Amino acid sequence: MDARSSAPVTPPPGCPAHGSGARVPLYGPEFAADPHAYYSYLRSYGPTAPVELAPGVEATLVTDYSAALNLLQDSASFRKDARRWRAFNEGHVAPDSPVVPLLAYRPNCMFSDGAEHLRLRQAVTDSMARVDPRRLARSTEQVSDYLISQFGYRGSTDLLGNYARQLPLFVFNELFGCPADIGDRVLFGISGMFDGINAENAAAVLFGAVGELVALKRTRPGDDVASWLMQHQAKLTDDEMVHQLALLLAAGTEALGNLIGNTLHRLLTHDAYAHTGGLIDEAIDDTLWENPPMSNLAPHYPAHDLEFAGQQLRAGDLLLVSFAAANNSPTLAAERQAGSRAHLAWGAGPHACPSKDPARQISVTAIENLLNQLPDVQLAVPEESLTWRPGPFSRGLVALPTRFTPVEPARRPAQQARPEPSVRTEQAAQPNRPSERAGRWSQFLNWLTK
């Protein structure tokens, strides 16, 4: 079956490109409300389509699964270094455009090629591979118990803002060995960046906090990812350390928060799923296929003028992969029905997600623990009233209001009543900053020691 055969002949209702021949915008409330109507229309262009990521920011979106896989695996023809972005270099994209912070070059493994990419990525993958799954499960359960204790007694909460989006931040803080004051600022910085509230200031807070974490680990390494990354044979500089850690924190927590939130949304809106742990893996797989947490990303740039999927491209043109459109191509119906995990939600090729196994474990543990403690949780509003955050890159709800029978806070076993030694030691080593101890990470550390 041809992927374009069922596409509408006109843009979806409300699309500003309707009837104008203009590029199709991937921003605004219309796109957020029904992105798959847009993807269906975009398939009428063929494997790639002309889109606009923000006013004046043009790109080519790859919507076909085979074409996307070819792009992701062809590191000779397509490069990741954003300093090749021709439209930005020629001044056609304003530096203060809302999409620039996510697309602009930074010295991390996401924006590097060749030997430099291999060096940086190997340091990241080797360090993440040292995470003990038992420790990760314990940390996730502790964070889950803490977050539930903050709202469980009320009988209602926004599971997105108070659980799904916060849990990854706390877990990553623990994995990276963040002491109290640094962890507070990491949470503040990432939340502000993705909420769009004083984003420039929030980014400065995040990078400042990560810089302090790197300086701390140089003098007092611990049993954590930040220390392992620093000790890796790749010998990362302090600047490289800051950018790898900031990438893991920001990209990892945004995607993971969306995955947990989107899976909870699926569990609460599809009667086929029972509120038991047995179907969580299935719900996560279905979410990764149909509603991936990062819907359109993986920026690439042709290394030279070339033809790709029937379209002529110039060196430095911006191409993005639509994971959501590619995953939902009509040609993949049989793959999905067979229970395959061949979706592109984790990417593919040399830049595929280096943390997909820990991310899946965190998601399963977080959702299972929540449903065990709140077995009768249900939506508190009609499903059609839920809204999705606008933007071209990620896919996440604005809120997920729920209600449930109030519960008492979970009791933790005595042997789990204290944080990991590296975090506790570093917290004690900085006694002169009491004014910063009121943040969320500090409150969690204090809760652990009660």
Side-chain angles (χ1 to χ4, degrees), residues 128 130-154 157 159-188 190-191 213 222-228 248-249 252-253 256-257 259-261 263-264 277 280 284 355 357-375 377 404 406-428 437-450:
M128 291 300 297
R130 293 182 62 177
V131 175
D132 183 347
R134 292 169 298 180
R135 171 182 172 180
L136 184 59
R138 183 174 68 250
S139 297
T140 304
E141 288 173 3
Q142 288 177 333
V143 171
S144 175
D145 287 346
Y146 168 71
L147 293 175
I148 294 171
S149 76
Q150 305 302 295
F151 59 73
Y153 64 93
R154 295 200 302 261
T157 196
L159 274 185
L160 191 78
N162 295 327
Y163 191 77
R165 294 186 67 188
Q166 289 199 44
L167 184 138
L169 288 167
F170 282 76
V171 173
F172 273 73
N173 256 8
E174 196 283 324
L175 289 179
F176 293 176
C178 288
D181 61 324
I182 291 177
D184 287 342
R185 283 175 285 144
V186 165
L187 264 63
F188 171 85
I190 293 178
S191 298
L213 179 64
D223 185 26
D224 53 67
V225 173
S227 299
W228 301 332
L248 288 169
L249 283 163
T253 54
L256 191 50
L259 177 57
I260 295 171
T263 304
L264 286 171
I280 292 175
I284 289 176
S355 305
D357 291 336
R360 189 179 188 95
Q361 183 185 357
I362 292 170
S363 299
V364 170
T365 304
I367 295 170
E368 185 176 61
N369 197 53
L370 176 79
L371 297 182
N372 283 340
Q373 295 196 42
L374 309 177
V377 62
F404 45 85
V407 296
E408 291 295 324
R411 297 291 181 181
R412 291 168 289 109
Q415 64 268 26
Q416 295 183 10
R418 294 183 179 274
E420 294 296 323
S422 60
V423 175
R424 187 172 67 251
T425 301
E426 289 158 11
Q427 180 183 359
R437 294 303 174 89
R440 287 178 291 160
W441 182 240
S442 297
Q443 293 170 7
F444 170 62
L445 293 179
N446 289 335
W447 179 84
L448 278 177
T449 58
K450 287 181 180 178

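Only this structure's heavy atoms are used, side chains among them; waters, hydrogens and symmetry mates stay out. Everything numeric in this text was worked out from a predicted model, so none of it was measured.
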Check Met128, Glu174, Arg130 against Val225 for a side-chain contact (heavy atoms from CB on, under 4.5 Å) and give me the one that passes.
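For Val225, the side-chain contact (heavy atoms from CB on, under 4.5 Å) check succeeds only for Met128.
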With a 4.5 Å cut-off on side-chain heavy atoms, are [Y] and [X] touching?
X	Y	answer
Leu136	Asp132	no
Val131	Pro358	no
Ile260	Pro168	yes
Leu370	Leu159	yes
Val377	Leu264	no

Going by the rule side-chain contact (heavy atoms from CB on, under 4.5 Å), which residues pair with Gln166 if we only count those two or more places apart in sequence or in a different chain?
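Result, side-chain contact (heavy atoms from CB on, under 4.5 Å) vs Gln166: Leu147, Asn162, Phe170, Arg440.
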Test of understanding: with side-chain contact (heavy atoms from CB on, under 4.5 Å), list the residues that count as partners of Thr365, not counting sequence neighbours.
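Once residues adjacent in sequence are excluded, the partners of Thr365 under the side-chain contact (heavy atoms from CB on, under 4.5 Å) criterion are Thr140, Glu141, Gln361.
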Minimum heavy-atom distance [X]-[Y], with the two atoms named:
X	Y	value
Tyr146	Gln443	OH-CB, 3.5 Å
Ser144	Ala366	OG-O, 4.2 Å
Ala359	Leu256	O-CD1, 3.4 Å
Val364	Ile280	CA-CG2, 4.2 Å
Gly222	Ser227	N-OG, 2.8 Å
Leu213	Gly177	CD1-O, 3.8 Å

For the atom pair [atom1] ([X]) and [atom2] ([Y]), what is the distance rounded to the nearest 0.5 Å?
X	Y	atom1	atom2	value
Thr157	Tyr163	OG1	OH	11.5 Å
Asn369	Leu167	CG	CG	9.0 Å
Leu175	Trp228	CG	CH2	8.0 Å

Salt bridge present between Arg135 and Asp224 (N-O < 4.0 angstrom)
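Salt bridge: no.
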Phe172: ring pair (Phe, Tyr, Trp, His ring centres under 6.0 Å) partners, not counting sequence neighbours
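In terms of ring pair (Phe, Tyr, Trp, His ring centres under 6.0 Å), with neighbours along the sequence ignored, Phe172 is linked to Phe176.
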Test side chain to side chain donor-acceptor pair (under 3.5 Å) applied to Gln373 and Asp145, step by step:
CA-CA 9 Å; Gln373 295 196 42; Asp145 287 346; 2.6 Å; yes
Would Leu169 and Val143 count as a side-chain contact (heavy atoms from CB on, under 4.5 Å) if you check the C-alpha gap in whole Å, the side-chain angles of each, and the deciding distance to 0.1 Å?
CA-CA 10 Å; Leu169 288 167; Val143 171; over 6 Å; no
